[in-house]
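Chain letters run A, B, ... following the sequence lines, proteins first and then strands; every chain starts at 1.
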2 protein chains.
Amino acid sequence: MTANINIETMQEFGAIVQFHRKQAGLSRVGLADIAGVGKTVIYDIENGKDSIRLNTLLKVLGTLNISLSVNSPLMDQYKAGDHAQG
Amino acid sequence: MTANINIETMQEFGAIVQFHRKQAGLSRVGLADIAGVGKTVIYDIENGKDSIRLNTLLKVLGTLNISLSVNSPLMDQYKAGDHAQG
DNA sequence: GACAATTAACCGCTAAGGCGGTAATAATAT
DNA sequence: ATATTATTACCGCCTTAGCGGTTAATTGTC
């Protein structure tokens, strides 16, 4: 039950963030304060802006208990190697 | 078999990107050209820089067939609502 | 209705991402 | 050994993300 993120689905992603924020009973300013970012970037994310910096996004997602992950057909092969650290 | 992304695992994330690039037989400049980004940002990603812009990252991940997704305990509830558009 | 809180949508400013260029080192051929 | 290619790690330039401030519109709540 994950949601994919790409340039075309940024609007949908913004809706996901907004849903989680409202479920947490937070205003945009409230979320921004807890996450340690500005109120503007919360507005931007919820409106589908795609040029958000990753570190900024991770602060917001972390605050809302949303995890971000990557996957690919080669991931099994990668994990089988000696790269994994956990 | 997914890999989680957060501020602490950016180094690991960089290694994942590098693994996929090498499996594709691409140099950094080659990947950058195909993805439509500069060579510097490939270098930065592979070195664990966390302030990459999301749109830039998505271009690179898309080229390497790596998908980015979000998940959370509330995702089921979200999907059950009338938000879904796919 | 009145009131408070939230959101929308701008603004100017500062810090930094992303760009190509470059040069020095490292790796991989022939 | 000698080319060729790739990587590292810097630089200056331009663009823009992200910031707080602000005002109007919206959304509750009493």
Which atoms of nucleotides 4-7 of chain D (N or O only) lie under 3.5 Å from a protein N or O atom, and what are those distances?
| residue | atom | partner | partner atom | Å |
| --- | --- | --- | --- | --- |
| D:dT7 | OP1 | B:Arg21 | NH1 | 2.8 |
| D:dT7 | OP1 | B:Arg21 | NH2 | 3.2 |
| D:dT7 | OP2 | B:Arg28 | N | 2.9 |

To the nearest Å, how far apart are [X] [atom1] and [N] [atom2]?
X: B:Asp44; N: C:dA16; atom1: CG; atom2: P; result: 14 Å
X: A:Asp50; N: C:dG18; atom1: CG; atom2: P; result: 12 Å
X: A:Ile52; N: C:dA16; atom1: CD1; atom2: P; result: 17 Å
X: B:Arg53; N: D:dC14; atom1: CZ; atom2: P; result: 16 Å
X: A:Met10; N: D:dA17; atom1: CE; atom2: P; result: 12 Å
X: A:Leu31; N: D:dG18; atom1: CG; atom2: P; result: 14 Å

**Request:** Check whether any side-chain N or O of B:Ser51 sits under 4.0 Å from OP1 or OP2 of C:dG17, and answer yes or no.
**Result:** yes
Side-chain donor or acceptor of [X] paired with backbone N/O of [Y] under 3.5 Å:
X: B:Thr63; Y: B:Lys59; value: yes
X: B:Arg53; Y: A:Ser51; value: no
X: A:Thr9; Y: A:Asn4; value: yes
X: A:Ser27; Y: A:Gly30; value: yes

**Message:** Each nucleotide in nucleotides 19-29 of chain C should get exactly one letter: B, S or -. Can you fill that in based on protein heavy atoms under 4.0 Å?
**Reply:** BBBB-------
Approximate separation, where rounding is to 0.5 Å, of [X] [atom1] and [Y] [atom2]:
X: B:Leu74; Y: A:Gln23; atom1: CG; atom2: CD; answer: 5.5 Å
X: A:Met1; Y: B:Lys79; atom1: CE; atom2: NZ; answer: 7.0 Å
X: A:Leu68; Y: A:Leu54; atom1: CG; atom2: CG; answer: 6.5 Å

**Prompt:** What heavy-atom pair brings A:Leu31 and A:Arg21 nearest, and what distance separates the two atoms?
**Reply:** CD2-CD, 3.7 Å
**5' priority, DNA chain D, between B:Asn47 and A:Lys49 [closest heavy atom]** = B:Asn47
**Item:** Comparing B:Asn55 and B:Glu46 on DNA chain D - which has the more 5′ nearest nucleotide
**Value:** B:Glu46
**Prompt:** Does A:Tyr43 belong to the same Ile/Leu/Val/Met/Phe/Trp/Tyr cluster as A:Phe13, with side-chain heavy atoms less than 4.5 Å apart forming each link?
**Reply:** no
